[in-house]
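Here is the structure we will look at, set down as structure tokens.
Numbering of residues begins at 1 and proceeds along the displayed sequence. These numbers were taken from a predicted model, which means no experiment stands behind them.
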Amino acid sequence: MLSNKRIQELELVMEFEKVEKCFKEVSSWIENVGRKRLKETINLDDSLEMLLQTQKQFKEFDLIASEYCRRGQEALKKMNQWEDFSFVDVHSYRVKLQTYEDQLEEFCTQLDETRHRVCETVRLYEFFDKVRQGICCTEEDVKS
């Protein structure tokens with residue numbers, strides 16, 4: 001039984017090293033690229049034209065960011081099997097995983113919120129643009 005326990009521990013450590021490599025890559029991208037790009041969309045432009053350009057750029061970024069989120073979440077799913085090995089001492093690995101999971105969850109939430117905010121801001125500006133055009137047409141009709 002002791003031999004089996006050690007074999008399982010080694011298998012988990014090897015699996016963790018693979019997952020950790022993936023998480024380090026995802027984590028590095030989040031810190032060096034993802035968060036910076038999200039900060040760039042905090043202040044949205046004042047014109048519909050510029051806002052549409054920002055939305056286009058954000059959509060391109062969103063595709064890449066969503067892929068990193070997906071990869072991180074898949075890696076986490078692989079580690080869910082650790083729950084079955086309560087007799088194996090994996091506490092230090094779980095702490096690292098929790099840190100990665102928290103970072104990933106925070107970033108994915110911020111990404112979702114930014115996606116929603118950009119979309120809603122564009123819709124609002126488009127609405128106001130239609131209202132403005134309607135007012136201009138009405139003013140021209142009144143002048144005629």
Side-chain angles (χ1 to χ4, degrees), residues 1-140:
M1 285 188 62
L2 187 59
S3 176
N4 286 342
K5 181 181 175 183
R6 293 293 178 212
I7 289 171
Q8 286 178 333
E9 286 176 350
L10 288 174
E11 287 172 350
L12 288 175
V13 168
M14 290 179 355
E15 182 66 24
F16 179 80
E17 287 175 355
K18 290 178 194 173
V19 170
E20 187 175 37
K21 181 180 177 184
C22 174
F23 270 122
K24 283 182 178 180
E25 182 181 327
V26 169
S27 178
S28 175
W29 185 88
I30 287 172
E31 292 304 318
N32 297 321
V33 178
R35 291 194 194 284
K36 290 177 184 175
R37 290 291 304 272
L38 285 178
K39 285 179 183 177
E40 291 173 5
T41 59
I42 288 175
N43 297 319
L44 297 173
D45 294 310
D46 291 337
S47 72
L48 179 58
E49 182 181 317
M50 292 300 292
L51 189 57
L52 289 171
Q53 180 65 28
T54 300
Q55 183 184 37
K56 180 182 175 190
Q57 292 169 351
F58 179 79
K59 284 182 178 181
E60 294 168 2
F61 162 74
D62 188 28
L63 288 173
I64 296 166
S66 294
E67 177 62 20
Y68 275 96
C69 288
R70 185 193 61 76
R71 287 176 51 204
Q73 289 164 346
E74 284 180 3
L76 280 174
K77 285 180 187 176
K78 288 180 184 178
M79 299 318 297
N80 282 341
Q81 67 180 335
W82 285 32
E83 300 300 321
D84 299 336
F85 296 106
S86 58
F87 57 90
V88 179
D89 183 22
V90 293
H91 177 72
S92 63
Y93 298 108
R94 287 183 191 196
V95 170
K96 285 183 181 180
L97 281 175
Q98 187 62 52
T99 301
Y100 289 132
E101 184 175 14
D102 292 346
Q103 179 194 36
L104 181 65
E105 185 178 317
E106 178 189 356
F107 178 77
C108 292
T109 299
Q110 288 175 345
L111 181 64
D112 289 341
E113 290 170 354
T114 303
R115 182 184 310 117
H116 179 74
R117 186 171 51 81
V118 168
C119 181
E120 289 301 309
T121 304
V122 167
R123 287 181 49 194
L124 184 63
Y125 271 69
E126 287 172 337
F127 172 76
F128 283 133
D129 194 52
K130 287 178 185 177
V131 169
R132 185 185 54 77
Q133 289 174 0
I135 290 171
C136 290
C137 290
T138 303
E139 286 176 355
E140 287 176 11

Euclidean distance, [Y] [atom2] relative to [X] [atom1], rounded to 0.5 Å:
X: K96; Y: F16; atom1: NZ; atom2: CZ; result: 5.0 Å
X: L63; Y: K59; atom1: CG; atom2: NZ; result: 9.5 Å
X: T121; Y: L44; atom1: OG1; atom2: CG; result: 5.0 Å
X: L124; Y: C119; atom1: CG; atom2: SG; result: 11.5 Å
X: I135; Y: Q133; atom1: CD1; atom2: CD; result: 11.0 Å
X: Y68; Y: C22; atom1: OH; atom2: SG; result: 9.5 Å

Give me the atom names and distance for the closest heavy-atom approach of [X] to [Y].
X: L38; Y: T114; result: CD2-OG1, 3.6 Å
X: L104; Y: C69; result: CD1-CA, 3.9 Å
X: L48; Y: V122; result: CD1-O, 4.2 Å
X: V26; Y: G72; result: CG2-N, 4.2 Å

Are [X] and [Y] side-chain neighbours, meaning at least one heavy-atom pair lies under 4.5 Å?
X: E106; Y: I30; result: no
X: K24; Y: Y100; result: yes
X: Q73; Y: C108; result: yes
X: Q57; Y: E40; result: no

**Message:** Using only atom types and a distance under 3.5 Å, with no angle test, would you say the side chain of S28 pairs donor to acceptor with the backbone of E25?
**Reply:**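 Not a single qualifying donor-acceptor pair exists.
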**Request:** Begin from the C-alpha positions of F23 and L97 and carry the test side chain to side chain contact (heavy atoms under 4.5 Å, CB included) through to its verdict.
**Result:** CA-CA 9 Å; F23 270 122; L97 281 175; 3.9 Å; yes
**Prompt:** For N43, does the CG atom sit with more than 12 other heavy atoms under 6.0 Å from it, leaving out its own atoms?
**Reply:** no
**Message:** Does this structure show an ion pair linking E31 with R35, if we count only N-O contacts that are shorter than 4.0 Å?
**Reply:** yes
**Asked** Less than 4.0 Å between a side-chain N and a carboxylate O, is that true for R70 and E67?
**Response** yes
**Request:** Kindly assign one of parallel, tilted or perpendicular to the pair F107 and F61, based on the angle between their ring planes and the thresholds 30° and 60°.
**Result:** perpendicular
**Request:** Could you walk me through whether E126 and R123 pass salt bridge (charged side-chain N to carboxylate O under 4.0 Å, His left out), step by step?
**Result:** CA-CA 5 Å; E126 287 172 337; R123 287 181 49 194; over 6 Å; no
**Asked** Who pairs with S3 by side-chain contact (heavy atoms from CB on, under 4.5 Å), at least two apart in sequence or on another chain?
**Response**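 Expected list: I7.
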**side-chain hydrogen bond (donor to acceptor under 3.5 Å, both in side chains), paired with D62, selected from R115, R37, Q55** = R115
